[in-house]
2 protein chains.
Amino acid sequence: MVGIKNNQSIPSCEECHATDHMIFKDLTPEQLDNVNYDKGCSFYKRGNIIFQEGHRINGFYCVHSGIVKMYKTGIDGKEQIIRFAKKGDIIGYRSVLSNELACTTSRVIEDATLCYIQGDTLITLIKENPAFAMQLMQLTCKELGEANNYITDIAQKTVRERLAEILLLLKDTFDLDENQVLQISLTREELANMVGTATESVIRLLSEFKQDKLIELQGRKIKILNLPGLKKIANF
Amino acid sequence: MVGIKNNQSIPSCEECHATDHMIFKDLTPEQLDNVNYDKGCSFYKRGNIIFQEGHRINGFYCVHSGIVKMYKTGIDGKEQIIRFAKKGDIIGYRSVLSNELACTTSRVIEDATLCYIQGDTLITLIKENPAFAMQLMQLTCKELGEANNYITDIAQKTVRERLAEILLLLKDTFDLDENQVLQISLTREELANMVGTATESVIRLLSEFKQDKLIELQGRKIKILNLPGLKKIANF
DNA sequence: ATCATAAACTGATAAATGTCAGTTTTTAGT
DNA sequence: ACTAAAAACTGACATTTATCAGTTTATGAT
């Protein structure tokens, strides 16, 4: 069955399906079709909130385009960015599976289209398709491993080392364009909220990196000049 | 089938099964019996290593008694303790599921008996028993949520706040005895490796907490005198 | 119970990072 | 292109935390 809802405004899962890390890659054509048919799609502008920490969500979202940041709100409302989601990534599934309230807020940082899929659909797929269940578990385990690494980094590395590491992470996640410029635009405050430091510290350290010819700065554009140098600073 | 291997030296899963957070609680009696039959058990003395970061493990362990610490080794060999495992907890399952090398080392801190279960057994159970699969996913999701909380804490709270929080965590995980003494014995260095700070800082801060009548210290025994006071410091 | 060893503790000092206040530049929306 | 608002930047200073070196005490194996 091909979903009759498919039209120009509702992108087909097929599009995301090409993405290599797509979670639905183990679904049968029929199962994928069902997801495609059941889902709802929305466009979100930069700054929009998809869901908020502490709220109940009954389904999860799949990012079709754009970039979403996931963060927790800590002391004095200071954000701690936990991760980003881009095309093919799913967000909110943790809350559906563990039946807990959302533990992060997700906010659009680059205009995005997201598909909403009912929690029941996820549960049904897990029961019907063990390969999909394994895929999902592996995703969760991978995220858990990364979280553990991040804990160790924040606990043991200096702010300088962590900032270098975050730049490398951003490079791996969002790539560089042909001029070696990071393909994501973040404010200094957002960088600080990833690193876990004060905005002023990020500003000062970026300037240092620039002076040391490791990077070049033009507004929010960050050009990577010396990758090995950054890796050395980050202890990689 | 009741496993013929069961004898005094090999504890039955039934014993752990009473533990409320036991992961195998959704198994059918037959499935539990299979696990019980297939498993191998070993006794480990304090200080023994169960498995090591970076090594391949083909199965996972279930703690029957004792306490195990899981840590990553960071800069200059400094440990970062990620979590503890006690009766009924399973360790190493993340590596089995994600098919990655172990991302932590696990070392016994209180003499322990652990059962070893083949990875295949876990995979089979996931495929056979969707309820168990869900249970396991929920465990992973819960750990992931906790990891995210921890990231935010380390990134935003002071060492003082984190130490108070760790004392509260230890209280919740290992309880207090009738004299309000923490039922786990950790060195100052281990506390520092949980908090993510220097040993000397933990020593000084514990002294401060003692002076402020929040706790009492006798060697490694920590007696909680003022729980609300600690919660206030930890921002809870 | 003893004893060697490891852990706990103390003080002095250095280094990293946070905070605050004010100025300049950039960004995003009309 | 214009412009208000937000973000980026700078410098001075405060605070926290780490480091180092040395002393005392507790631990756990025999």
Side-chain angles (χ1 to χ4, degrees), chain A residues 45-48 69 74-80 107-111 153-166 181 184-211 215-222 233-235, chain B residues 45-48 69 74-80 107-111 153-164 166 181 184-211 215-222 233 235:
Chain A
K45 280 200 78 62
R46 175 185 162 77
N48 283 175
K69 69 173 171 181
I75 318 291
D76 299 327
K78 187 171 160 63
E79 293 177 9
Q80 179 62 39
R107 186 190 290 263
V108 174
I109 59 170
E110 266 184 29
D111 292 0
D153 283 344
I154 298 192
Q156 300 198 356
K157 290 184 177 177
T158 64
V159 172
R160 183 188 180 79
E161 291 167 330
R162 269 142 56 198
L163 178 58
E165 184 170 352
I166 288 295
V181 173
I184 184 175
S185 169
L186 296 172
T187 65
R188 302 293 192 258
E189 189 179 5
E190 283 170 326
L191 284 171
N193 292 343
M194 296 185 72
V195 172
T197 188
T199 307
E200 295 92 329
S201 297
V202 165
I203 290 170
R204 276 183 251 265
L205 287 168
L206 283 179
S207 296
E208 281 182 37
F209 288 174
K210 184 179 164 184
Q211 281 205 321
I215 60 172
E216 223 168 71
L217 299 169
Q218 280 163 300
R220 283 175 202 161
K221 298 242 172 283
I222 299 174
I233 290 178
N235 275 304
Chain B
K45 280 200 78 62
R46 176 186 161 76
N48 284 174
K69 69 173 170 181
I75 318 291
D76 298 327
K78 185 171 162 63
E79 291 179 10
Q80 179 62 38
R107 185 190 291 263
V108 175
I109 59 170
E110 267 186 29
D111 291 0
D153 283 345
I154 298 192
Q156 300 198 357
K157 290 184 176 176
T158 64
V159 171
R160 183 189 180 80
E161 290 167 332
R162 270 142 53 197
L163 178 59
I166 288 296
V181 173
I184 183 175
S185 169
L186 296 172
T187 65
R188 303 292 191 257
E189 188 178 5
E190 282 170 327
L191 283 171
N193 292 343
M194 296 184 72
V195 172
T197 188
T199 307
E200 294 94 329
S201 297
V202 165
I203 290 169
R204 275 183 252 266
L205 287 167
L206 283 179
S207 296
E208 280 182 37
F209 288 173
K210 183 179 167 186
Q211 281 205 324
I215 60 173
E216 223 169 70
L217 299 169
Q218 280 165 298
R220 284 176 202 163
K221 299 243 172 280
I222 300 176
I233 290 179
N235 274 304

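Lettering of chains follows the sequences in order, A, B, ..., and the numbering in each one begins at 1. Model, not experiment: these values are computed from the prediction.
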Partner of B/Leu191 under side-chain contact (heavy atoms from CB on, under 4.5 Å), chosen from B/Thr199, B/Thr197, B/Ile222: B/Ile222

Side-chain heavy atoms of B/Phe209 within contact of B/Leu217, under 4.5 Å: no

Min side-chain heavy-atom separation A/Ile154-A/Arg162 under 4.5 Å: yes

Write down the distance between [atom1] ([X]) and [atom2] ([N]), rounded to a whole number of angstrom.
{"X": "B/Glu161", "N": "C/dG18", "atom1": "CD", "atom2": "C1'", "result": "13 Å"}
{"X": "B/Leu206", "N": "C/dC9", "atom1": "CG", "atom2": "P", "result": "8 Å"}
{"X": "B/Gln218", "N": "D/dT25", "atom1": "CD", "atom2": "P", "result": "16 Å"}
{"X": "A/Glu208", "N": "D/dC9", "atom1": "CD", "atom2": "P", "result": "13 Å"}
{"X": "B/Gln211", "N": "C/dT10", "atom1": "CD", "atom2": "C1'", "result": "13 Å"}
{"X": "A/Arg188", "N": "D/dA7", "atom1": "CZ", "atom2": "P", "result": "12 Å"}
{"X": "A/Ile109", "N": "C/dA28", "atom1": "CD1", "atom2": "C1'", "result": "16 Å"}
{"X": "B/Gln156", "N": "C/dT17", "atom1": "CD", "atom2": "C1'", "result": "15 Å"}

So, are [X] and [Y] salt-bridged, with charged N and O less than 4.0 Å apart?
{"X": "B/Arg160", "Y": "B/Glu208", "answer": "yes"}
{"X": "A/Lys69", "Y": "A/Glu79", "answer": "yes"}
{"X": "A/Arg46", "Y": "A/Asp111", "answer": "no"}

Under 4.0 Å protein heavy-atom contact, by nucleotide of nucleotides 11-19 of chain D - B base, S sugar-phosphate only: BB----SSB

Side chain to side chain donor-acceptor pair (under 3.5 Å) between B/Asn193 and B/Lys78, worked out: CA-CA 8 Å; B/Asn193 292 343; B/Lys78 185 171 162 63; 3.3 Å; yes

From CA spacing to verdict: side-chain contact (heavy atoms from CB on, under 4.5 Å), A/Asp153, A/Glu165: CA-CA 9 Å; A/Asp153 283 344; A/Glu165 184 170 352; 2.3 Å; yes

Pairwise 5' ranking along DNA chain D for B/Lys221 and A/Glu190, keeping only the more 5' one: A/Glu190

Check nucleotides 28-30 of chain D against the protein and report each pair of N or O atoms closer than 3.5 Å, with its distance, or say if there are none.
residue: D/dG28; atom: OP1; partner: B/Arg220; partner atom: NH1; Å: 3.3

Nearest heavy atoms of B/Ala155 and A/Gln80, plus distance in Å: CB-OE1, 3.1 Å

